[in-house]
Amino acid sequence: MAKFPGVDYLLIDSLFSEQELMVRETARRFVDDRVAPVIRDCFRDARFPRELVPQMGALGFFGANLEGYGCAGMNSVEYGLVMQELERGDSGLRSFVSVQGALVMYPILNYGSEEQKRRWLPRLQSGEAIGCFGLTEPGFGSNPAGMLTRARRDGSDWVIGGEKTWITNGSVADVALVWARTDDGIRGFLVERGTPGFSASELHGKLSMRASVTSSLSFADCRVPESAMLPGAKGLKAPLSCLTQARYGIGWGVIGAAMDCYETARAYSVMRKQFDDRPIASHQLVQEKLANMITEITKAQLLALHVGRLKDQGKADAAHVSMLKRNNAAMALDCARQSRDLLGANGIMDEYPIMRHLCNLETVKTYEGTDHIHALVIGERVTGIAAYK
Ligand SMILES: Cc1cc2nc3c(=O)[nH]c(=O)nc-3n(C[C@H](O)[C@H](O)[C@H](O)COP(=O)(O)OP(=O)(O)OC[C@H]3O[C@@H](n4cnc5c(N)ncnc54)[C@H](O)[C@@H]3O)c2cc1C
């Protein structure tokens, strides 16, 4: 497979440390050598490339920005560059890593008991165990505060009842972090695969994220011990804090998908000839599209890098991350559409990665807070008025 040359119009590489560039190179080689050869068929066959999980674990990609319990302890920029390269491979693969690290390992590390950390973190880090994050319900997506899933106390146990849907990794997970309403507010529970009353079923028919497993989870009188509850996670702010971590990774990840689309379209347009045997890249309208794309990618790179540096200084908050996620997901979707256009009819073929990225990015625009919801977060920050309701 061809080596990806990278996309760096404005010498942004000069802003990265040696260590950050080395981490990116490791992830870039992994995607070129292991992901690129299989991903088209995975998407075609709606198959998650599970065989890559141990390799990603060995490379330190799971919970890469967390400290302890075998985690790589990367800084936020190194972590972002890993997400960027993985999503250049496929948004489904990056989703797997985001869920495992930001939505399962992060809350266990930050809100879990010592016993929960010891039991799960090393296995999740290596990829020996897979996790999923169950927040969305059939009737509550953008507004998780309305969730109907309940957990009631019964002696020293908790009994969970309800439905979750659109759950990444749901039917391959060894442990589901499930958010449920209790008399004490919203709490998180670690429900292990095989627990009586818990079942997961895969959703079929997706035209997006086909190389990722998406499932519904069902809980019917599902009994778990007190030790299954995350002791430090109280209220909706706990799952929302996990989403901020995952959205940060998405803000970097989508740059990778955009880079792949742009570079494919650029290379195609200098090679493809129309009218007087001239490359289509010699036409002004084609160059304008390429100029627009590289400009937007460059702005997205700078936004991600700045939020990453702020995050490492403890200064990035959820509203900053909303701007990063919203802008960069929209940017990537737009690049995918423009790139698809520049390939003409070839643009719809899966011989090229563009249409796959385009379909995936439709999900990325919606999940982890839709484009609208992030606009409202930004709107609230600048006006002081919450306009969600
Ligand atoms: C492939 C995939 C994987 C996913 N993985 C997970 C996962 O692992 N775990 C998990 O918990 N969830 C997951 N999700 C669910 C995802 O987070 C939700 O789809 C998302 O939050 C949106 O919810 P919804 O689909 O119910 O849309 P809705 O909330 O019904 O929104 C529909 C439309 O209405 C708009 N809208 C809603 N409310 C407002 C408002 N107040 N103002 C303006 N516009 C509004 C939205 O922006 C959107 O355009 C996944 C989804 C997909 C597609």
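We count residues from 1, following the sequence as given. Numbering of ligands and ligand atoms starts at 1, following listing order.
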- Salt bridge present between D32 and R29 (N-O < 4.0 angstrom): yes

Please tell me whether S76 and N65 have a donor and an acceptor in their side chains that are separated by less than 3.5 angstrom. no

**Message:** Is atom 29 (O) of ligand 1 near the protein, in the sense that some protein heavy atom lies at less than 4.0 Å from it?
**Reply:** yes

Looking at N169, L177, T366, N143, the heavy atom closest to atom 20 (C) of ligand 1 belongs to T366

Check your understanding: Would you say T165 and ligand 1 have an N/O pair spaced under 3.5 Å apart?
Key -> no

Closest to atom 35 (C) of ligand 1 among protein heavy atoms sits H372 ND1, 3.6 Å

Residue, atom and distance of the protein heavy atom nearest atom 23 (O) of ligand 1 read G141 CA, 3.2 Å

Numbered in order shown, the ligand 1 atoms found under 4.0 Å of a heavy atom of I167 are 7 (C), 8 (O), 9 (N), 10 (C), 11 (O)

Q.
Closer than 4.0 Å and a protein heavy atom, does any atom meet both conditions relative to atom 17 (O) of ligand 1?
A. yes

A student checking ligand 1 against T136 at a 4.0 Å heavy-atom cut-off should list atoms 10 (C), 11 (O), 12 (N), 13 (C), 15 (C), 16 (C), 17 (O)

Q) Would you say A387 has any N or O atom under 3.5 Å from an N or O of ligand 1, going by distance alone? A) no

**Asked** Does the side chain of D334 pick up a donor-acceptor pair with the side chain of Q338 at under 3.5 Å?
**Response** yes

When distances are taken from atom 50 (C) of ligand 1, the protein heavy atom at minimum range is W166 O, 3.1 Å

For I348, the other hydrophobic cluster members (4.5 Å side-chain criterion, sorted by chain and number) are M349

Exercise. Please work out which of the three classes, parallel, tilted or perpendicular, describes the rings of W252 and F16, given edges at 30° and 60°.
Key: tilted

- Query: Less than 4.0 Å between a side-chain N and a carboxylate O, is that true for R40 and D90?
  - Reply: no

- Query: Does the protein put a heavy atom less than 4.0 Å from atom 32 (C) of ligand 1?
  - Reply: no

Ignoring angles and geometry beyond distance, decide whether T363 reaches within less than 3.5 Å of ligand 1 through its nitrogen or oxygen atoms.
no

Polar side chain donor-acceptor pair, S241 to Y111, under 3.5 angstrom: yes

